[in-house]
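I have placed the structure first, in the form of structure tokens, so that the comments after it can refer back to it.
Because the structure is a prediction, the values reported are computed rather than measured.
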Amino acid sequence: MTDQDLVFKALADSTRRLMLDALHEQSGQSLGALEEIVAGHTDMSRFGVSKHLKVLEAADLVIVRKQGRQKLHYLNPVPIRVIYDRWIDKYTESQVRALTNLKQRAENHHE
């Protein structure tokens, strides 16, 4: 499985996206903190949350740092940016260029 495949797999699940959103709001959260956030949306065990974190780590979307006895989880947005550059930006470039040209023509027509 390629790195991009791992990222797409990780992003395909709503619980993992919820966890990424939580880490975007406040990076450096413990498993317990993430478990509380997930528990507010679904009935999932600590083991289930841990399994989702492993998928996010495998996709390099989450980086784990030990702080004493605790592991803290940090968002790594780089793989998402790579997906954006590869799969979204190149497909929207021509549309944005066309809209920009249309805007310029409309502004020039009114002068």
Side-chain angles (χ1 to χ4, degrees):
M1 198 176 269
T2 69
D3 291 346
Q4 287 186 6
D5 290 337
L6 293 171
V7 174
F8 278 115
K9 177 184 174 186
L11 294 174
D13 184 86
S14 61
T15 299
R16 290 191 286 267
R17 291 191 306 270
L18 172 68
M19 294 167 76
L20 291 174
D21 286 341
L23 290 173
H24 179 261
E25 287 180 28
Q26 182 182 346
S27 209
Q29 295 194 49
S30 67
L31 173 61
L34 290 169
E35 182 183 9
E36 285 182 31
I37 292 166
V38 170
H41 293 60
T42 182
D43 186 27
M44 185 177 292
S45 69
R46 184 178 191 92
F47 179 72
V49 172
S50 182
K51 282 179 67 173
H52 281 294
L53 276 172
K54 287 189 187 321
V55 174
L56 293 170
E57 289 175 45
D60 202 27
L61 290 165
V62 170
I63 297 169
V64 179
R65 299 278 184 249
K66 269 195 119 165
Q67 187 174 39
R69 293 178 21 184
Q70 196 173 43
K71 286 183 180 178
L72 299 180
H73 302 85
Y74 295 88
L75 174 66
N76 178 18
V78 173
I80 294 172
R81 181 57 195 224
V82 170
I83 294 290
Y84 175 83
D85 290 345
R86 166 64 176 93
W87 290 102
I88 298 169
D89 193 40
K90 82 174 189 178
Y91 291 109
T92 60
E93 182 180 346
S94 62
Q95 295 165 344
V96 171
R97 189 175 328 127
L99 289 172
T100 302
N101 290 340
L102 180 64
K103 180 180 182 264
Q104 288 173 348
R105 280 186 283 177
E107 289 172 350
N108 290 339
H109 180 67
H110 290 299
E111 289 179 359

Could you check whether any side-chain N or O of Asn76 sits under 3.5 Å from a backbone N or O of Ile63, counting only pairs where one atom can act as donor and the other as acceptor? no
Measure the [atom1]-[atom2] distance between [X] and [Y] for me, rounded to the nearest 0.5 Å.
| X | Y | atom1 | atom2 | result |
| --- | --- | --- | --- | --- |
| Ser30 | His73 | OG | NE2 | 8.0 Å |
| Ile37 | Thr15 | CD1 | OG1 | 12.5 Å |
| Met1 | Leu6 | CE | CG | 6.0 Å |

For the student: nearest non-hydrogen atoms of Pro79 and Ala59, plus distance: CG-O, 3.8 Å
Determine all donor-acceptor pairs shorter than 3.5 Å in which one atom belongs to a side chain in residues 42-57; sequence neighbours excluded.
| residue | atom | partner | partner atom | Å |
| --- | --- | --- | --- | --- |
| Ser45 | OG | Phe47 | N | 3.4 |
| Ser45 | OG | Gly48 | N | 3.1 |
| Arg46 | NH1 | Glu35 | OE1 | 2.8 |
| His52 | ND1 | Arg16 | NH1 | 3.0 |

Evaluate whether atom CG of Asp3 has more than 12 neighbouring non-hydrogen atoms of other residues, nucleotides or ligands under 6.0 angstrom away. no
Does Val82 share a hydrophobic cluster with Leu61, counting links as ILVMFWY side-chain heavy atoms below 4.5 Å and allowing steps through other members? no
Quick one, Val78 and Asp60 - any side-chain contact, counting heavy atoms below 4.5 Å? no
Please tabulate, one pair per line, all N/O donor-acceptor pairs under 3.5 Å involving side-chain atoms of residues 17-28, not counting sequence neighbours.
| residue | atom | partner | partner atom | Å |
| --- | --- | --- | --- | --- |
| Arg17 | NH1 | Leu11 | O | 2.7 |
| Arg17 | NH1 | Ala12 | O | 3.2 |
| Ser27 | OG | Leu75 | N | 3.0 |

Checking Asp85 now: which residues fulfil salt bridge (charged side-chain N to carboxylate O under 4.0 Å, His left out) with it, not counting sequence neighbours? Arg81
